[in-house]
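Here is the structure we will look at, set down as structure tokens.
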2 protein chains.
Amino acid sequence: MELEHKRQEMEQALRRAGYRITGQRKAILDYLVSTLEHPGAYKIFEEVKKVQPRLSLATVYNTLHVLTENGLIKMLTLRDDNRYESNLCFHINLICTSCGKIQDFEAGTHTSPEDVREKIGFEVMGYRMEYHGLCSECKAGADQKGESG
Amino acid sequence: MELEHKRQEMEQALRRAGYRITGQRKAILDYLVSTLEHPGAYKIFEEVKKVQPRLSLATVYNTLHVLTENGLIKMLTLRDDNRYESNLCFHINLICTSCGKIQDFEAGTHTSPEDVREKIGFEVMGYRMEYHGLCSECKAGADQKGESG
DNA sequence: ATCTATGCAAACATTTTGCAGGCTG
DNA sequence: CAGCCTGCAAAATGTTTGCATAGAT
């Protein structure tokens, strides 16, 4: 199964990075790769608890932290809560301002709001674009360190 | 002065919406339109307090809420805190993953990561695109209400 | 004069931390 | 078997709320 494969890859990545694979982490990975929702920490806690009844919220936070740090999942931060997604391919997050649902939309290079409306009926009212990276100052600092080593 | 003008327009908008223009709100608007930083609530509190010493944090939150609700400012939510900006023209938020600084980049229709690097030396490592609007279900609901009224 | 907005502090929700013991490798 | 990871509960952080009073219109 495709998802099973994806989870196994994530486990390998964790192992390689020196982390242990516990039942809790497995279960959290399972849930994250299988859901299309963009769950928050508490939602993850509730869902995974069905499989791991003794799970604690702190463990969820710990695991999410580890996964984020290692680039295995991404954190979306909405106005009131943090959500997580395991879909790392580039896509547009469609955020409904009415019900709060988040969908992913696979984007081509020149995807436009019209494409989104035509294909899945999502009505775009506004958008936001973020680039993450290094500002010129920080890049200069990083370059210096890199050159000297 | 341009900024003064912008603040006055925001005051008018608030007045039209039935809000009162208090010294605190004026001062907060003043600060928001004048800064290029993307301050969080506490930063705003600290800065505006220099002008309005009796200002309370709750008032800052209240005002930010009112301004956001009325579309006069936008909230950026980062991983750990919420930031605000009064720049409503479309632009790309350049978020430095090293120092956390946020800059705005005026974007054309086809701005690319290369443009950003060439023009201001920001090195793009990743990006995120969000569309905000109505999902198909919510749109259907809104249409029904609209038609029956 | 009216009624909203303020300041203060307590309430709240969410995330992090510290410690003793269990489990992975 | 060693040391990381877990669960629990308490601590820390950021935001909201309730109430009496000041202040805008």
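A quick note: this is a predicted structure, and the numbers were derived from the prediction, not measured. Throughout, a chain's letter reflects where its sequence line sits, starting with A, and its residues are numbered from 1.
- Both B:Ala58 and B:Arg15 sit near DNA chain D, but only B:Ala58 has its closest nucleotide nearer the 5' end.
- Computed from coordinates, the A:Gln52 CD to C:dC23 P distance equals 11 Å when rounded to whole Å.
- D:dC5 atom C1' lies 14 Å from atom CG of A:Leu67, rounded to whole Å.
- Separating the CD atom of B:Gln24 from the P atom of D:dA22 is a distance of 14 Å, rounded to the nearest angstrom.
- Among the nucleotides C:dC8, D:dG7, C:dT6, the one closest to the side chain of A:Leu55 is D:dG7.
- Listed nucleotides D:dT25, D:dT15, C:dT6 differ in distance to B:Arg25; the shortest reach to its side chain belongs to C:dT6.
- Checking C:dG25, D:dT15, D:dC5 against every side-chain atom of A:Asn62, the shortest atom distance belongs to D:dC5.
- Summarising the geometry, the separation between CG on A:Leu78 and P on C:dA13 is reported as 19 Å, rounded to the nearest angstrom.
- Proximity of B:Asn82 to the phosphate of D:dG14: no side-chain N or O atom is located under 4.0 Å from OP1 or OP2.
- Spacing between atom CZ of A:Arg20 and atom C1' of D:dT6 amounts to 12 Å, rounded to whole angstrom units.
- Residue B:Gln12 contributes atom CD, which lies 10 Å from atom P of D:dT25 at whole-angstrom precision.
- Under the 4.0 Å criterion applied to side-chain N and carboxylate O atoms, A:Glu2 and A:Lys6 are not assigned as salt-bridge partners.
- Considering every non-hydrogen atom in both B:Phe122 and B:Ile95, the closest pair reads CZ-O, 3.5 Å.
- No side-chain donor-acceptor contact under 3.5 Å links B:Asp115 and B:His110.
- For B:Phe45 and C:dA9, the CZ to C1' distance is 13 Å, given to the nearest whole Å.
- In this structure, A:Glu130 CD and B:Leu94 CG are separated by 10.0 Å, a value rounded to the nearest 0.5 Å.
- No donor-acceptor pair under 3.5 Å is formed between the side chain of A:Arg83 and the backbone N or O of A:Thr77.
- Heavy-atom nearest nucleotides on DNA chain C were determined for A:Asp81 and for A:Thr22, and the one closer to the 5' end corresponds to A:Asp81.
- Across all strands shown, A:Tyr19 has heavy atoms under 4.0 Å from sugar-phosphate atoms exclusively, and none from any base.
- Counting to the nearest Å, the C1' atom of D:dT6 and the CD1 atom of A:Ile21 are 15 Å from each other.
- Relative to the side chain of B:Thr63, the nucleotides D:dA2, C:dT6, C:dG7 differ in distance, and C:dT6 lies closest.
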